[in-house]
There are 2 protein chains.
Amino acid sequence: MGGAGNGVARTHPVKRRTSFALAKVCKAHRGSIGELLAEHGLHPGQEMVLVELWESDGLRGGELAVRLGVEPPTVTKMLRRLEGCGIVERRPDPSDARSFRVYLTPEGRALEEPVADCWERSEERLLAGLSEEERRTFYGLLVRVRSNLVPGCGSR
Amino acid sequence: MGGAGNGVARTHPVKRRTSFALAKVCKAHRGSIGELLAEHGLHPGQEMVLVELWESDGLRGGELAVRLGVEPPTVTKMLRRLEGCGIVERRPDPSDARSFRVYLTPEGRALEEPVADCWERSEERLLAGLSEEERRTFYGLLVRVRSNLVPGCGSR
DNA sequence: CCTTTTTAGTTAGCCGGCTAATTAAATAAT
DNA sequence: ATTATTTAATTAGCCGGCTAACTAAAAAGG
């Protein structure tokens with residue numbers, strides 16, 4: 001099958017970009033943590049909601065969207081499902097009839113340890129073979145790169 | 001409102017994990033490149049199909065799934081849409097009646113330059129403020145980390 | 001007080017991703 | 001040759017994410 005130079009298929013230059021490598025790492029990482037979360041009946045993305053609520057329970061819907069860096073309709077749907085699973089509870093905000101506040105149920109609070117453990121295992125797998133110094137370097141670079149992508153994310 | 005230690009809301013330990021930072025970078029990065037791709041009517045994820053086809057046109061559906069690191073049903077749907085947009089064409093594989101081969105249309109081939117440009121701009125934004133050495137280090141770490149997550153991804 | 005504008009969430013609908021179950025063709029085994 | 005098995009792709013249905021359009025309450029202005 002020696003066509004006119006056909007079949008060589010050298011890898012495309014775009015594949016050597018850092019941007020490309022990052023995209024692939026992202027996808028793989030989401031899959032990796034999703035696999036662990038599935039053990040607790042969670043889908044990737046939902047763990048982020050939990051972290052925000054462990055940190056400050058009773059958030060308003062909109063504030064949750066801001067902290068997650070996600071659009072309001074996404075929050076609406078995720079909360080509906082998490083509520084359906086009994087992980088979260090939505091109560092009206094007494095001071096604003098348009099708003100509501102999100103609270104963890106006991107079930108939601110019980111997920112803190114196992115899910116934190118997922119992160120730990122996920123990180124273990126992610127950083128395997130890297131020295132302590134390399135890990136610190138990697139973390140530092142991620143933080144800087146993140147602040148490039150999410151302007152003004154210093155606090156969150 | 002000084003309840004029993006309530007309202008402090010220190011950031012949750014999980015948020016200091018490299019794994020967490022990576023997840024956030026991922027999300028932001030996908031959004032960043034998605035924004036650029038939208039200028040050409042593409043959705044994030046579709047650019048990956050294009051890269052594979054620029055590299056080797058006429059791939060079988062299953063092989064495409066493997067290279068993208070994605071499940072077959074995902075390929076089915078993406079290709080249906082890309083075909084609907086006239087970017088890609090599916091032709092039956094003469095040697096196997098269950099299979100098909102995917103070919104870029106002229107429109108699909110015409111996207112190579114503009115989309116490669118999206119990647120370049122995306123990378124620019126991503127790596128702003130990093131020295132050449134830091135960029136190399138970051139790239140190297142990404143590649144290593146990726147091989148932790150996707151065992152045997154040396155070639156792709 | 002009433003009107004206008006801003007803000008908070010929801011709905012509808014699309015896309016990329018997944019799993020589970022199905023169809024149909026190719027291959028292996030008898 | 002017939003049967004059993006494996007493989008290729010699709011369908012159905014769910015989830016996280018998005019945009020656009022809408023509803024309803026709060027806040028600002030007159």
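Just so it is clear: chains get the letters A, B, ... in the order the sequence lines come, proteins before strands, and each one is counted from 1. This is a predicted model, so every value here is computed, not measured.
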Go through the steps for V102(A) and V49(A) under the test side chain to side chain contact (heavy atoms under 4.5 Å, CB included), then give the verdict. CA-CA 10 Å; V102(A) 193; V49(A) 175; 5.8 Å; no
Rounded to the nearest Å, what distance is computed from the CG atom of residue L42(A) to the C1' atom of nucleotide dG16(D)? 13 Å
How would you label the contact of S99(A) with the nucleic acid (heavy atoms, under 4.0 Å): base, sugar-phosphate, or nothing? sugar-phosphate
With nearest nucleotides of DNA chain C determined for G61(A) and G45(B) from heavy-atom distances, which residue corresponds to the more 5′ nucleotide? G61(A)
From dC15(D), dT10(D), dA25(C), nucleotide with atom closest to T76(B) side chain: dT10(D)
OP1, OP2 of dG16(C) versus side-chain N and O of R81(B): anything below 4.0 Å? yes
Does a side-chain N or O of T74(A) approach OP1 or OP2 of dG16(D) to a distance below 4.0 Å, or not? no
Whichever of K77(A) and G62(B) has its nearest DNA chain D nucleotide further upstream toward 5': G62(B)
Selected nucleotide, minimal atom distance to M78(B) side chain, candidates dG16(D), dT11(C), dG17(C): dG17(C)
Looking at dT11(C), dT11(D), dA26(D), which one has an atom nearest to any side-chain atom of R80(A)? dT11(C)
Counting C-beta onward and ignoring hydrogens, is there a side-chain heavy-atom pair between S56(B) and E63(B) closer than 4.5 Å? no
Which nucleotide in dT10(C), dG17(D), dA26(C) has an atom nearest any side-chain atom of R30(A): dG17(D)
D96(B) CG - dA9(D) P separation (whole Å): 7 Å
For L37(A) and H43(A): C-alpha separation, side-chain torsions, deciding distance, then whether side chain to side chain contact (heavy atoms under 4.5 Å, CB included) applies. CA-CA 6 Å; L37(A) 289 171; H43(A) 297 270; over 6 Å; no
Modelled atom types, side-chain donor and acceptor of R17(A) and S122(B), under 3.5 Å: no
Counting the atoms with a prime plus P, OP1 and OP2 as sugar-phosphate, which does V75(A) contact under 4.0 Å by heavy atoms, base, sugar-phosphate, or nothing? nothing
Take atom CE of M48(B) and atom P of dG16(C), then tell me their distance rounded to the nearest Å. 13 Å
Looking only at dA9(D), dG16(D), dG16(C), the nucleotide nearest the Q46(A) side chain is dG16(D)
Can you tell me how far P of dA25(D) sits from CZ of R98(A), to the nearest Å? 10 Å
CD of E35(B) versus C1' of dT19(D): gap in Å, rounded? 13 Å
Whether over 12 other heavy atoms sit under 6.0 Å from E124(B) CD: no
Comparing nearest nucleotides in DNA chain D, the 5'-proximal residue of the pair P73(A), R90(B) is R90(B)
For the backbone of G69(A) and the side chain of K27(B), can you confirm whether one donor and one acceptor N or O come within less than 3.5 Å of each other? yes
Of the listed dA9(D), dA8(C), dT10(C), the closest approach to the R60(A) side chain comes from dA8(C)
Please state how far atom NE2 in H43(B) lies from atom C1' in dC18(D), giving the value in whole angstrom units. 9 Å
Please report, rounded to the nearest Å, how far the P atom of dC15(C) is from the CG atom of L82(B). 10 Å
Is K27(A) side chain donor-acceptor paired with the dG17(C) base, going by distance under 3.5 Å alone? no
Round to a whole Å and report the spacing from CD of E63(B) to P of dA9(D). 10 Å
